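Contents: one structure, followed by commentary.
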Amino acid sequence: MRRMIAMIVSVFLLSSPALAAGPPVSAAGAVLMDAETGTVLFEHNADARSLIASTTKIVTALVVLEACANLDEVCVVPAEAVGVEGSSMYLQAGQSVTVRDLLYGLLLKSGNDAAVALAIHCAGSVEAFAAMMNEKAAALKLKNSSFSNPHGLNAEHHFSSARDLALLTRAALKNETFSHMVSSKYAQINGVTIKNHNRMLWSYSGSDGVKTGYTVNAGRCLVSSATRDGMRLIAVTLNDRNDWVDHAAMLDYGFEAYLLKTLCLEGAEIGVVPMLGGGDALVKAARSVRVLLKKEQADSVDVQIMLPRYLWQPVIEGQRVGLLTAVLDGEVIAQCPLIAEVGA
């Protein structure tokens with residue numbers, strides 16, 4: 001029993017549900033992903049490398065947030081950040097702006113000047129910051145991504161894929177500051193109100209992010225997210241002339257076809273096992289277990305509990321003593337170690 005439990009990983013396991021035919025999209029590449037589990041619900045040319053325009057700023061913001069502990073730190077705008085082509089905050093050389101305000105300008109207004117200012121502030125140069133972006137991509141195991149700049153303007157060796165952008169966004173949304181910023185419709189910077197370019201925040205119920213992008217060569221690029229009934233979905237389209245409509249259709253498909261079902265909560269009492277020598281050990285779930293299911297499968301999951309008839313003393317607090325297994329159609333879809341609480 002102990003040997004078997006030792007082989008169980010410390011996170012629940014999830015088998016991906018079979019992909020059904022999703023909505024038709026106009027995009028060159030597209031992905032719909034569940035943010036919690038990383039399960040892909042729909043994909044189209046998901047791994048094709050493509051220009052990604054200002055959706056690049058997702059990784060820019062994540063790198064900055066991890067590099068700068070104090071968002072109220074003042075950044076002096078370098079000359080290199082002034083007059084960068086494309087979307088702009090219209091920064092002036094020598095101007096003092098906080099990292100926080102630059103991030104809002106980056107994510108809501110899509111300021112290319114803000115991207116350069118942040119890059120130089122964090123790394124000393126655009127080139128050094130691009131190296132940090134690529135280190136983050138490698139850490140996230142993005143297989144089809146390479147970054148040359150922090151803003152997404154066309155450049156050699158600057159590309160990603162729909163799947164990589166979804167994985168990147170999933171990681172970024174775990175950062176509370178990033179998640180809050182990309183869900184903001186407006187922000188105040190030096191008394192001036194700026195408006196988020198992401199129209200989904202107004203047009204789609206539950207929308208809470210993430211980033212728009214456009215260049216002539218990249219076409220229209222969009223990463224969006226929305227949350228309903230405790231399930232957050234991430235949608236990505238690249239080079240999509242009909243992105244707003246396609247994202248609504250993709251998200252509708254996900255919310256209509258799938259749900260996240262909670263099988264147990266962390267610390268939930270599962271049972272009691274007697275200890276040889278006296279006393280009982282209360283058995284609890286080591287962590288919460290949620291599984292992604294097609295809605296018609298919601299009542300078909302068989303939750304199996306494996307516990308020993310008794311435990312040998314001494315039993316250590318938090319010791320793994322059993323296993324919760326979720327089975328669907330004869331296949332294991334999730335497992336969670338069960339641990340002992342002594343003195344029950």
Side-chain angles (χ1 to χ4, degrees), residues 52-137 147-153 155 158 160 165 168-169 171-198 201 208-215 221-223 225:
I52 61 170
S54 285
T55 58
T56 296
K57 290 163 185 164
I58 296 170
V59 65
T60 300
L62 181 57
V63 170
V64 170
L65 286 167
E66 292 179 351
C68 295
N70 180 13
L71 299 188
D72 294 318
E73 187 174 290
V74 173
C75 169
V76 178
V77 176
E80 297 93 323
V82 178
V84 181
E85 67 174 289
S87 301
S88 181
M89 287 182 68
Y90 303 103
L91 299 172
Q92 301 297 316
Q95 180 181 352
S96 294
V97 189
T98 65
V99 170
R100 187 187 309 276
D101 284 350
L102 287 173
L103 281 169
Y104 272 114
L106 177 85
L107 293 170
L108 275 64
K109 200 172 177 59
S110 202
N112 292 339
D113 50 356
V116 174
L118 286 166
I120 293 175
H121 179 73
C122 288
S125 69
V126 166
E127 294 75 19
F129 188 81
M132 294 172 66
M133 296 168 73
N134 287 314
E135 288 173 5
K136 173 53 65 175
F147 303 109
S148 299
N149 62 59
H151 39 60
L153 293 174
H158 192 98
S160 190
L165 279 179
L168 169 64
T169 301
L173 288 172
K174 294 176 182 178
N175 184 293
E176 292 183 4
T177 301
F178 177 91
S179 187
H180 172 74
M181 286 183 170
V182 296
S183 68
S184 302
K185 293 181 177 179
Y186 301 96
Q188 287 277 333
I189 299 178
N190 294 330
V192 176
T193 300
I194 62 172
K195 182 179 179 179
N196 198 319
H197 286 182
N198 184 5
L201 294 174
D208 49 17
V210 176
K211 188 70 191 73
T212 60
Y214 173 79
T215 66
C221 302
L222 180 61
V223 180
S225 68

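None of these values were measured; they are calculated from a predicted model.
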(request) For residues F147 and M133, report the shortest heavy-atom separation together with the two atoms involved. (result) CB-CE, 3.8 Å
(message) Just to verify, what does E66 make a side chain to side chain donor-acceptor pair (under 3.5 Å) with, not counting sequence neighbours?
(response) K136
(message) Quick one, V99 and N70 - any side-chain contact, counting heavy atoms below 4.5 Å?
(response) no
(request) Measure the shortest side-chain to side-chain distance between N198 and L222 over non-hydrogen atoms and say whether it is less than 4.5 angstrom. (result) yes
(request) Could you tell me which residues satisfy side chain to side chain donor-acceptor pair (under 3.5 Å) with N190, sequence neighbours excluded, listed by chain and number? (result) none
(message) Taking A115's backbone N and O only, do any of them form a donor-acceptor pair with H151's side chain (distance below 3.5 Å, no angle check)?
(response) no
(request) Could you note down all residue pairs passing salt bridge (Lys or Arg N to Asp or Glu O under 4.0 Å) where residues 173-185 supplies at least one of them, sequence neighbours left out? (result) none
(message) Using the side-chain contact (heavy atoms from CB on, under 4.5 Å) criterion, which residues pair with A114? Sequence neighbours excluded.
(response) M89, L102, L106
(request) Sequence neighbours left out, what pairs pass ring pair (Phe, Tyr, Trp, His ring centres under 6.0 Å) with at least one residue falling in residues 171-194? (result) Y186-W202
(message) I want to check something: taking the side chain as every heavy atom from C-beta on, are T212 and S54 in contact at a cut-off of under 4.5 Å?
(response) no
(message) The criterion is salt bridge (Lys or Arg N to Asp or Glu O under 4.0 Å); which residues satisfy it with D208, sequence neighbours excluded?
(response) R232
(request) Mind checking salt bridge (Lys or Arg N to Asp or Glu O under 4.0 Å) for K109 and listing every partner two or more places apart, or none if nothing turns up? (result) none
(request) Sequence neighbours left out, what passes side chain to side chain donor-acceptor pair (under 3.5 Å) with E73? Give chain and number order. (result) H121
(message) Is it the case that the side chain of S96 and the backbone of V74 share a donor-acceptor pair, with hydrogens and angles ignored and the cut-off at 3.5 Å?
(response) no
(message) Under the rule for side chain to side chain donor-acceptor pair (under 3.5 Å), what residues qualify as partners of N112, not counting sequence neighbours?
(response) K57
(message) Once side-chain hydrogen bond (donor to acceptor under 3.5 Å, both in side chains) is applied, what residue pairs with a partner in residues 74-89 remain, sequence neighbours excluded?
(response) S88-D113
(message) When you measure from the side chain of N134 to the backbone of A130, do you find a donor-acceptor pair of N or O atoms at a distance under 3.5 Å?
(response) yes
(request) Can you sort out the partners of E127 under salt bridge (Lys or Arg N to Asp or Glu O under 4.0 Å), two or more places apart, ordered by chain and number? (result) none
(message) I'd like to check V223 versus L168 (side-chain heavy atoms, cut-off strictly below 4.5 Å). Are they in contact?
(response) no
(message) Side chains of T56 and K211: any donor to acceptor distance under 3.5 Å?
(response) no
(message) Once side-chain contact (heavy atoms from CB on, under 4.5 Å) is applied, do any residues pair with A123, and if so which ones, sequence neighbours excluded?
(response) A128, F129, M132
